[in-house]
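All figures in this text were calculated on a predicted structure; none of them were measured in a lab. FYI, side chains are in, hydrogens and waters are out, and symmetry mates aren't considered; it's all heavy atoms of this structure. Proteins come first, then strands; the chains are lettered A, B, ... in the order of their sequence lines, and each starts at number 1.
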Amino acid sequence: MSSANQPYIDPSEIALKGSVVERFKNRRDAFWAGIRDAAGAPAMVLFAGMVGFGAMGKTNGMDAWFTGATSFFMFALPGQVVLLEMAITGSSVIAIALAVTLTSTRFITMTVTLFPQLHEKDRNRSLYASVHLLAMTAWAISMREFQTIEAKHRSSYFMGLGLLCWLISVPGTILGYFLAGMVPPAITLGLVFINPLFFLLTFTEVEPWVNRIAIGLGFILGPFFFIWDRDTSLLTTGLVAGTAAYLFDRKVLRKKAGVIG
Amino acid sequence: MNTALQGWGLWIALAGATFGTYFCRAIGVLLAKKINQESEIFRWLAAVTYAMVAALVVRMVLMPIGLLATVPVWIRILICVLSIGVMVSKPTRRLVPALLTGTLLMLAYGVMR
């Protein structure tokens with residue numbers, strides 16, 4: 001979930017390179033390479049985030065089944081946090097579903113930048129199943145690695161990568177849940193803090209200026225909308241700050257390309 | 001504070017959230033065949049998304065619920081600033097050291113208080 005979680009990249013960077021040296025012998029080889037790559041630092045960060053989420057579930061009085069189920073079924077940390085926070089504050093089911101859906105809109109852009117790079121043969125209905133494995137971690141790594149992988153092995157690589165990330169997130173969540181109940185409050189405090197900190201840190205890697213401005217405006221306007229009406233605050237902040245950033249980018253920044261961005 | 005969602009309400013909310021999350025992924029697959037990632041609507045959607053996640057993060061840091069709320073707000077902000085300092089201290093961004101810095105500082109505060 002680290003670098004380049006911005007949905008926009010230079011199209012030339014994702015252009016398929018025709019003459020890539022065969023990196024993997026077969027699909028199985030590519031699949032296991034994906035698993036191996038996931039098992040490093042990226043999965044550890046994701047795991048830590050999920051441990052923090054589990055601790056958050058525990059300290060807010062959710063049960064272990066529910067907390068673990070969010071990781072299994074949703075597998076999208078920001079969305080899970082929105083769900084938990086809104087459920088705790090007693091938002092309505094409709095408001096929760098809408099807010100979570102809107103925080104997940106990034107998946108649309110992530111999917112449309114990643115999947116066109118797969119081999120023609122792999123771009124079939126099975127993608128509707130494997131897209132569940134797509135989260136920021138697997139996306140960022142795939143965007144980087146696909147350029148050195150021949151098209152026919154990319155889908156296997158992605159499957160290995162995403163599968164491990166998904167599978168470790170559930171035990172991570174449950175571990176965090178029970179750790180929070182057993183360890184001293186000081187350690188729980190550290191665990192609970194991992195999530196906000198993690199998102200905050202990933203913001204430093206967001207590239208296009210339009211998105212940076214959106215984040216800055218979100219920081220400033222978020223608390224005001226929260227005080228005004230907590231249930232809809234994420235939606236309103238997103239729409240107001242995001243639209244303002246978009247318009248500013250369109251009317252001002254893009255006119256003087258080269259000066260900024 | 002309102003009462004928290006409980007029992008079935010909670011699981012129905014999860015079902016709705018799961019559906020919404022998967023819906024966005026599936027739309028992505030659908031659009032991946034014929035998408036122009038340069039289009040205006042996607043630029044706008046991305047900006048809205050980032051603003052929303054930023055609002056969520058600032059809320060988690062400034063107005064948390066539960067255990068984190070017992071930590072003075074200036075300590076929370078100070079630790080965030082220090083962690084970001086570690087993060088941007090090198091051109092090759094160092095996520096793991098920055099994450100460790102923040103988590104350990106928060107843990108240290110918890111031990112000392």
4.5 Å side-chain heavy-atom contact, B:Met63 and B:Val73 = no
For the pair A:Val210 and B:Arg43, evaluate side-chain contact (heavy atoms from CB on, under 4.5 Å) and give the outcome as yes or no after the intermediate values.
-> CA-CA 8 Å; A:Val210 52; B:Arg43 285 182 83 94; 4.1 Å; yes
Any idea which of B:Met112, B:Met60, B:Arg59 has the most non-hydrogen atom pairs under 4.5 angstrom with chain A?
-> B:Arg59
Under 4.5 Å to a heavy atom of chain B? For A:Ser233 that would be side chain
Which atoms of A:Asn195 approach chain B - backbone, side chain, both or neither, heavy atom under 4.5 Å = both
Among the listed options B:Gly28, B:Ala98, B:Cys80, B:Cys24, the residue most often paired with chain A at heavy-atom distances under 4.5 Å = B:Cys24
Polar side-chain atom of A:Thr89 near backbone of A:Met86 as donor-acceptor pair, under 3.5 Å | yes
Using non-hydrogen atoms and a 4.5 Å limit, figure out which bit of B:Tyr109 sits close to chain A: side chain, backbone, both or neither.
-> side chain
Does the side chain of A:Thr67 come within less than 4.5 Å of A:Lys58's, by heavy atoms?
-> no
Give a yes or no on whether the backbone of B:Val61 and the side-chain of B:Arg76 come within a donor-acceptor separation of less than 3.5 Å.
-> yes
Looking only at A:Leu217, A:Leu247, A:Leu102, A:Leu221, most heavy-atom pairs under 4.5 Å shared with chain B are made by A:Leu102
So, the side chain of A:Trp139 versus the backbone of A:Met110: is there a donor-acceptor pair under 3.5 Å, distance only?
-> yes
Against chain B, label A:Phe225 side chain, backbone, both or neither, depending on which of its atoms sit under 4.5 Å from a heavy atom there.
-> neither
Quick one: does A:Trp209's side chain have a donor or acceptor within less than 3.5 Å of a partner on A:Leu253's backbone?
-> no
Which atoms of A:Leu127 approach chain B - backbone, side chain, both or neither, heavy atom under 4.5 Å = both
More than 12 heavy atoms from other groups under 6.0 Å of CZ on A:Phe224 = no
Heavy-atom pairs under 4.5 Å with chain B, option from A:Val93, A:Thr237, A:Leu197, A:Val192 with the top count | A:Leu197
Flag the pair B:Leu62 / A:Phe226 as yes when at least one side-chain heavy-atom distance between them is below 4.5 Å, and no otherwise.
-> no
Residue A:Glu85 versus chain B: region with a heavy atom under 4.5 Å = both
Tell me, side chain or backbone of A:Ile96 under 4.5 Å from chain B's heavy atoms, or both, or neither?
-> side chain
Taking every heavy-atom pair that is under 4.5 Å apart, which of A:Val81, A:Ile187, A:Thr59, A:Thr105 has the most such pairs with chain B?
-> A:Thr105
What residue, out of B:Pro64, B:Ser83, B:Ala54, has the most heavy-atom pairs lying under 4.5 Å from chain A?
-> B:Ala54
Between B:Ile12, B:Val71, B:Val111, B:Val53, the one whose heavy-atom pairs under 4.5 Å with chain A are most numerous = B:Val53
Flag the one option from A:Gly222, A:Ala244, A:Ala186 with the top tally of heavy-atom pairs under 4.5 Å to chain B.
-> A:Ala186
Does a donor on one side chain sit under 3.5 Å from an acceptor on the other, for B:Thr70 and B:Arg113?
-> yes
Among the options A:Leu98, A:Thr101, A:Thr70, A:Val100, pick out the one with the most heavy-atom pairs lying under 4.5 Å from chain B.
-> A:Thr101
